[in-house]
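Quantities reported herein were computed from a predicted structural model and do not represent experimental measurements.
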Amino acid sequence: MEETEPVANEALAMAEKEETSVEKMEVEVQAADDAAESGGSKRPRQEEDKPEDEENGDNTKKPKVEPSVEEEKENGSDPVSVGPKSFASSVEMFDYFCKLLHSWSLNLNLNKYEHLMLLDLIKKGHSEPGRKIGTGVRAFQIRYHPKFKSRCFFVVREDDSVDDFSFRKCVDQIQPLPANMQTKHYASGGKSGGGGGRGGGYGRGRGRGGRSRY
């Protein structure tokens with residue numbers, strides 16, 4: 001009887017020790033599972049809190065604001081057509097007629113294409129196209145202006161009357177030119193000087209070089 005009691009006690013102690021080890025392992029496994037679940041839920045939250053700038057790349061730059069239609073017209077950048085040709089801006093249109101004025105021979109009728117361009121320029125840009133065209137345009141020429149001492153476009157009408165006109169004012173009427181390219185007539189709001197209005201001392205009669213540079 002004395003020998004069996006120590007053996008029974010020893011077996012009981014070993015059983016308790018094994019039970020304690022099992023419980024400890026279960027606690028460790030549960031802690032690992034909790035840590036895994038905690039770590040897995042934490043990352044999505046960080047991703048949710050991530051700024052949109054970082055998710056979508058570098059979008060800190062402000063989007064380009066396109067100019068309004070009114071701003072384009074004020075800056076002379078609204079596309080326009082004259083005759084068979086289109087121009088992206090009033091400056092481009094001005095450059096075209098300016099080059100033509102200084103490249104064509106004096107006192108020589110312009111070709112059919114340039115005739116259409118100048119006729120449409122007058123119709124769309126002149127303040128009084130009917131008066132300027134008169135009985136009809138037989139030809140356009142570039143002549144040396146006797147008053148302003150420079151080249152100028154001239155209308156040669158069917159009745160042989162001749163009249164000059166300012167291509168700059170026509171362009172500016174169709175599509176406003178930048179302020180630094182406008183004539184003194186438009187910049188000052190007056191009627192004299194620069195383009196030769198009625199107050200500029202230029203004759204109003206018919207004939208070669210008659211009337212103002214409209």
Side-chain angles (χ1 to χ4, degrees), residues 64-134 136-157 162-200 202 208-214:
K64 184 178 179 181
V65 179
E66 297 294 335
S68 64
V69 175
E70 291 76 11
E71 290 175 339
E72 288 184 347
K73 289 184 178 181
E74 289 178 0
N75 297 329
S77 58
D78 195 34
V80 65
S81 296
V82 176
K85 187 175 179 62
S86 296
F87 300 97
S89 67
S90 61
V91 175
E92 183 180 326
M93 180 167 37
F94 175 89
D95 289 341
Y96 174 85
F97 289 106
C98 185
K99 290 178 181 179
L100 175 62
L101 179 65
H102 293 280
S103 61
W104 196 262
S105 299
L106 294 174
N107 306 313
L108 181 67
N109 292 349
L110 277 82
N111 59 36
K112 184 176 180 180
Y113 182 89
E114 306 302 350
H115 182 105
L116 293 174
M117 293 291 294
L118 290 170
L119 183 61
D120 200 35
L121 179 69
I122 290 177
K123 289 180 178 179
K124 292 181 177 179
H126 198 277
S127 58
E128 297 179 279
R131 180 182 65 81
K132 186 60 60 174
I133 293 173
V137 179
R138 186 171 74 233
F140 286 99
Q141 293 185 358
I142 297 172
R143 298 182 178 183
Y144 191 76
H145 203 286
K147 177 177 177 60
F148 299 102
K149 309 299 181 182
S150 62
R151 286 172 167 250
C152 184
F153 286 113
F154 280 82
V155 176
V156 181
R157 301 188 184 94
V162 179
D163 207 352
D164 65 299
F165 67 97
S166 170
F167 81 93
R168 183 192 297 266
K169 291 181 181 179
C170 291
V171 170
D172 189 58
Q173 181 66 27
I174 296 172
Q175 182 63 260
L177 287 163
N180 63 336
M181 294 182 66
Q182 294 178 356
T183 61
K184 293 180 181 179
H185 174 92
Y186 281 88
S188 62
K191 295 264 184 179
S192 62
R198 291 185 178 180
Y202 194 35
R208 297 183 179 276
R211 297 189 182 179
S212 63
R213 294 181 64 192
Y214 282 98

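A side-chain hydrogen bond (donor to acceptor under 3.5 Å, both in side chains) check over residues 104-113, counting only residues at least two apart or in different chains, returns the pairs Asn109-Gln141.
Of the possible donor and acceptor atoms, one in the side chain of Lys124 sits under 3.5 Å from a partner among the backbone N and O of Ser81.
The environment of NZ in Lys123 is sparse: at most 12 heavy-atom neighbours from other residues, nucleotides or ligands sit within 6.0 Å.
In this structure, Ser86 and Glu92 approach most closely via the heavy-atom pair O-OE2, 4.0 Å. When all heavy atoms are compared, the tightest approach of Ser90 to Val171 is O-CG1, 3.7 Å. Taking all atoms of both residues into account, the shortest heavy-atom contact from Arg131 to Arg157 is O-NH2, 3.6 Å. Scanning both residues, Val80 and Met93, for their nearest heavy atoms gives CG1-CE, 3.7 Å. Summarising the geometry of Phe154 relative to Asp164, their closest heavy-atom pair is CE2-CB, 3.5 Å, with the distance given to 0.1 Å.
A 4.5 Å side-chain heavy-atom check between Met117 and Pro84 finds at least one atom pair inside the cut-off. A heavy-atom distance below 4.5 Å is not found between the side chains of Leu101 and Arg168.
For the ring pair (Phe, Tyr, Trp, His ring centres under 6.0 Å) test, residues two or more places apart in sequence or in another chain that qualify with Phe87 are Tyr96.
The aromatic rings of Phe97 and Phe167 sit tilted, their planes meeting at an angle between 30° and 60°.
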